[in-house]
4 protein chains.
Amino acid sequence: MPKLGMEPIRRAALVKATIAQIGETGSLDVTVAQIAKRAGMSSALAHHYFGGKEQIFLAAMRHTMTVYGAEVRGALLMAPDPESRLQAIIRAGFGPANFRPEVIAAWLNFYVLARTNKDAARLLSIYHARLRSNLLFNLRPLVGPRAREAAERLAGLIDGLYLREGLSADARDGKSAVALVLQSLDLELAGQGAT
Amino acid sequence: MPKLGMEPIRRAALVKATIAQIGETGSLDVTVAQIAKRAGMSSALAHHYFGGKEQIFLAAMRHTMTVYGAEVRGALLMAPDPESRLQAIIRAGFGPANFRPEVIAAWLNFYVLARTNKDAARLLSIYHARLRSNLLFNLRPLVGPRAREAAERLAGLIDGLYLREGLSADARDGKSAVALVLQSLDLELAGQGAT
Amino acid sequence: MPKLGMEPIRRAALVKATIAQIGETGSLDVTVAQIAKRAGMSSALAHHYFGGKEQIFLAAMRHTMTVYGAEVRGALLMAPDPESRLQAIIRAGFGPANFRPEVIAAWLNFYVLARTNKDAARLLSIYHARLRSNLLFNLRPLVGPRAREAAERLAGLIDGLYLREGLSADARDGKSAVALVLQSLDLELAGQGAT
Amino acid sequence: MPKLGMEPIRRAALVKATIAQIGETGSLDVTVAQIAKRAGMSSALAHHYFGGKEQIFLAAMRHTMTVYGAEVRGALLMAPDPESRLQAIIRAGFGPANFRPEVIAAWLNFYVLARTNKDAARLLSIYHARLRSNLLFNLRPLVGPRAREAAERLAGLIDGLYLREGLSADARDGKSAVALVLQSLDLELAGQGAT
DNA sequence: AATGAATGAGGATTCATTCAT
DNA sequence: GATGAATGAATCCTCATTCAT
């Protein structure tokens, strides 16, 4: 029962299925057939719409980052001052949309893909840069010249805990990770005069 | 000309070749044939010694962790007090033996493998536990009850920067990462009275 | 905006596109989608009009032969005597309409297709017969009983040089080929008394 | 039951099977699986030994030309004078080893492949050059300055009749083709003084 | 101990063809 | 009349793994 205007629907379904399948398989060894089946179509159609496996992955990567970016932006809008904006940034990464097993697996996937694929590498570096700059912008008024290093540290801590907790056997809900990073933020802000 | 006692030599060669190949390929898609060729033997022999591809990977993983563990232990021996021991732990992860492209790629590999393979997961959790406990043990006398969380934060920061810097396009030498973590350590220690 | 009476236009466009595509690809591996796109329509429509890929090929074959046949007939009309008619036949095959890379590739295509497809084989044998009979009819008054063999030879030489020169890397314009065949014709005519 | 030194045997079997399969199918659409099955092995092994489908085709092409070349050389050795050498060259192409349906189909295959594949094109041009030079060398002492064109004509006639008769529905044995070319040779030699 | 030989299973990709709109 | 949607079937190729020697 072919309908018109299916393309965006199919693409979205494939992207969603890709992330789900990576989450379920727990590794990169997902086949186009698996993804397509999960998205309710033939693998041929998946190729028709995306051109190839890597492009499907890239689309999933883009989607994941878009979701993350939207979450961050949304949270930033409602935060009145730098400190609460920093907290919002920290919370966004561990929110329910981003800190789910499938999404975590997808991120890991992308880290790997970024080592081989130029587009993936570019996408990942965009994420890196954006997180860094978001932190930096809001740290500057609070810690002045130490902002750059503080941003680097907070970014590293966010990514590190995301992986450490996300990949650990007992899946947590991200709350403890958020708490840890927030304390680090406190330390950075308090350490202002000390160093 | 088959010789006696070749087994350990062959196994070591395969482990080394595995890490090198993962580093060169930049991804997990390395074949047994590639590894075996690099190690100077037939793929059949690789199977003969290890039984299968996953076991070769696991052996490489074990080796990587052993090297890391030895580096940490060695550094700890020469450090007289808790603070210098903490610094030694931090430095070990970014030392020349561990912070090389191949080894970084191997670690990423292991993260992924750990999502599928029980043994790999166990191995990885051992690493996690060991790093946490090493930090904890030396933080306790310095920050008392806050040691647990400080250890978690430092561990997360180490892993996060390892990935962030290790996977970034412009390969650094680890020095800046070490400096960042050391500063975090200072903050944790200075933050003692504050919180 | 579908119009009435589009069928002949669409069919002609597809035939033309088929030959062009075979010429461009340089091989038989042209897809219906390529042809249809080149003809400015969907592949579904191409099927609608022709029924299938082979029939598209056959139509292109028929067209090629029709063009060739028309060229020969036209040339024959203007030739007053047997000898000049023979020369006209020879020239026709290497004229600008037939001796172009695309058309040569199409012919080769048809040779191959004729091994599998009955209709193609019939079509090809019609070409063979027509060339032979055209030559024979005009040779008979000139060389008498030797006409049959002379016709066979001239036909073989035409086809052979068409392939040899047409497929050679350095595309020629067919003039040298024509000259060679014309000399052969002279030899056949001169050899009259000799044998 | 794996044995040692199978490679040359396997390769030869695949080459033979390729030609046979092309002959049977009558077209280029032969699959590696078909070839491999006919040669008594898995398609994987065929890939292992040749690397890919095109290389299998090329090997078959090379073999076909080698056989042809050997036939020509052998015939030349036993011919005492230029004229009989020319006759030997003509006969070789239509001998039982070369003028069989499979081999003819293979040649047609090569013509097509040569339009796409560099190596095939080179191989084909070697054949062209060799035939031309063989004819030329032996025509020179007989027809002097007209040798070049005579060689071109005879080469064209050989190829043309090979295709025309080889591809015609009623498979002939090549005798009539040889007779036709030999008469052309006579005409060329007799035409000496005439033109 | 060591390897060339061999394959089965699977995976990405392509394509002619069909169908509802 | 025309097309986007959709797929089954096929094809090339890869690879881990096994086995006889």
Side-chain angles (χ1 to χ4, degrees), chain A residues 1-7 9-10 29-37 40-56, chain B residues 1-7 9-10 29-37 40-56, chain C residues 1-7 9-10 29-37 40-56, chain D residues 1-7 9-10 29-37 40-56:
Chain A
M1 343 52 206
K3 297 254 177 83
L4 256 60
M6 291 302 289
E7 175 153 357
I9 298 171
R10 294 301 199 184
D29 292 326
V30 292
T31 71
V32 174
Q34 287 168 344
I35 293 170
K37 186 178 180 184
M41 72 194 82
S42 72
S43 68
L45 194 56
H47 274 92
H48 174 67
Y49 279 126
F50 279 97
K53 191 184 183 180
E54 258 190 358
Q55 280 144 306
I56 298 178
Chain B
M1 333 89 187
K3 297 224 180 128
L4 259 53
M6 291 300 287
E7 175 152 358
I9 299 173
R10 295 296 199 187
D29 292 326
V30 291
T31 71
V32 173
Q34 288 168 340
I35 294 170
K37 186 179 180 184
M41 70 194 82
S42 71
S43 66
L45 193 56
H47 273 87
H48 175 68
Y49 278 127
F50 280 97
K53 191 186 185 180
E54 263 195 350
Q55 281 141 305
I56 298 178
Chain C
M1 332 90 189
K3 298 226 179 126
L4 257 56
M6 291 300 288
E7 176 151 355
I9 298 172
R10 296 295 200 185
D29 292 326
V30 292
T31 72
V32 173
Q34 288 169 341
I35 293 170
K37 186 179 180 184
M41 70 194 83
S42 71
S43 67
L45 192 56
H47 273 88
H48 175 70
Y49 278 127
F50 281 98
K53 191 184 184 181
E54 261 193 353
Q55 281 141 305
I56 299 178
Chain D
M1 338 67 194
K3 298 256 178 81
L4 255 59
M6 291 304 289
E7 176 151 358
I9 299 171
R10 293 301 198 184
D29 292 327
V30 292
T31 71
V32 174
Q34 287 167 343
I35 294 170
K37 186 177 180 185
M41 72 193 83
S42 71
S43 69
L45 194 56
H47 274 94
H48 174 68
Y49 280 127
F50 279 96
K53 191 183 181 181
E54 259 191 356
Q55 281 144 306
I56 298 178

Trainee: State whether B/R10 places a side-chain N or O below 4.0 Å from either non-bridging phosphate oxygen (OP1 or OP2) of E/dA2.
Mentor: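 For B/R10, the contact criterion (side-chain N or O under 4.0 Å from OP1 or OP2 of E/dA2) is met.
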Trainee: For D/E7, enumerate each residue passing the side-chain hydrogen bond (donor to acceptor under 3.5 Å, both in side chains) test, keeping only those at least two apart in sequence or located in another chain.
Mentor: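 Partners of D/E7 under the side-chain hydrogen bond (donor to acceptor under 3.5 Å, both in side chains) test: D/R11.
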Trainee: Which atoms form the tightest heavy-atom contact between A/L45 and A/R10, and what is the distance?
Mentor: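 So the two residues come closest at CD2-NE, 3.8 Å.
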Trainee: Under 3.5 Å for both distances, Watson-Crick or G-U wobble, that's the pair rule; now give the dot-bracket for DNA chain F, with | marking pairs to another strand and [ ] for crossing ones.
Mentor: .||||||||||||||||||||
Trainee: Show me the side-chain donor-acceptor pairs of residues 46-53 of chain B shorter than 3.5 Å, one per line, residues at least two apart or across chains.
Mentor:
{"from": "B/H47", "atom 1": "ND1", "to": "B/S43", "atom 2": "O", "distance (Å)": "3.3"}
{"from": "B/K53", "atom 1": "NZ", "to": "B/V30", "atom 2": "O", "distance (Å)": "3.0"}

Trainee: From CZ of C/F50 over to P of F/dA2, roughly how many Å is that when rounded to an integer?
Mentor: 13 Å
Trainee: When every nucleotide of nucleotides 8-15 of chain F is labelled 5' to 3' by its protein contacts under 4.0 Å (heavy atoms), B for base, S for sugar-phosphate only, - for none, what sequence of letters results?
Mentor: B--SSBBB
Trainee: Quick one: D/M6 CE to E/dT3 C1', roughly how many Å, whole number?
Mentor: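 Answer to the nearest Å: 15 Å.
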Trainee: Nearest-Å distance, CD1 (C/I35) to P (E/dT17)?
Mentor: 11 Å
Trainee: Go nucleotide by nucleotide along DNA chain E from the 5' end; which of D/M41 and B/G40 gets its closest nucleotide reached first?
Mentor: B/G40
Trainee: Please list, chain by chain and in numerical order, all residues satisfying side-chain hydrogen bond (donor to acceptor under 3.5 Å, both in side chains) with C/E54, sequence neighbours excluded.
Mentor: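 So C/E54 forms a side-chain hydrogen bond (donor to acceptor under 3.5 Å, both in side chains) with C/N117.
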Trainee: Check the phosphate of F/dG4 against A/Y49, side-chain N and O only, distance under 4.0 Å to OP1 or OP2. Yes or no?
Mentor: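 For F/dG4, OP1/OP2 do not have a side-chain N/O of A/Y49 under 4.0 Å.
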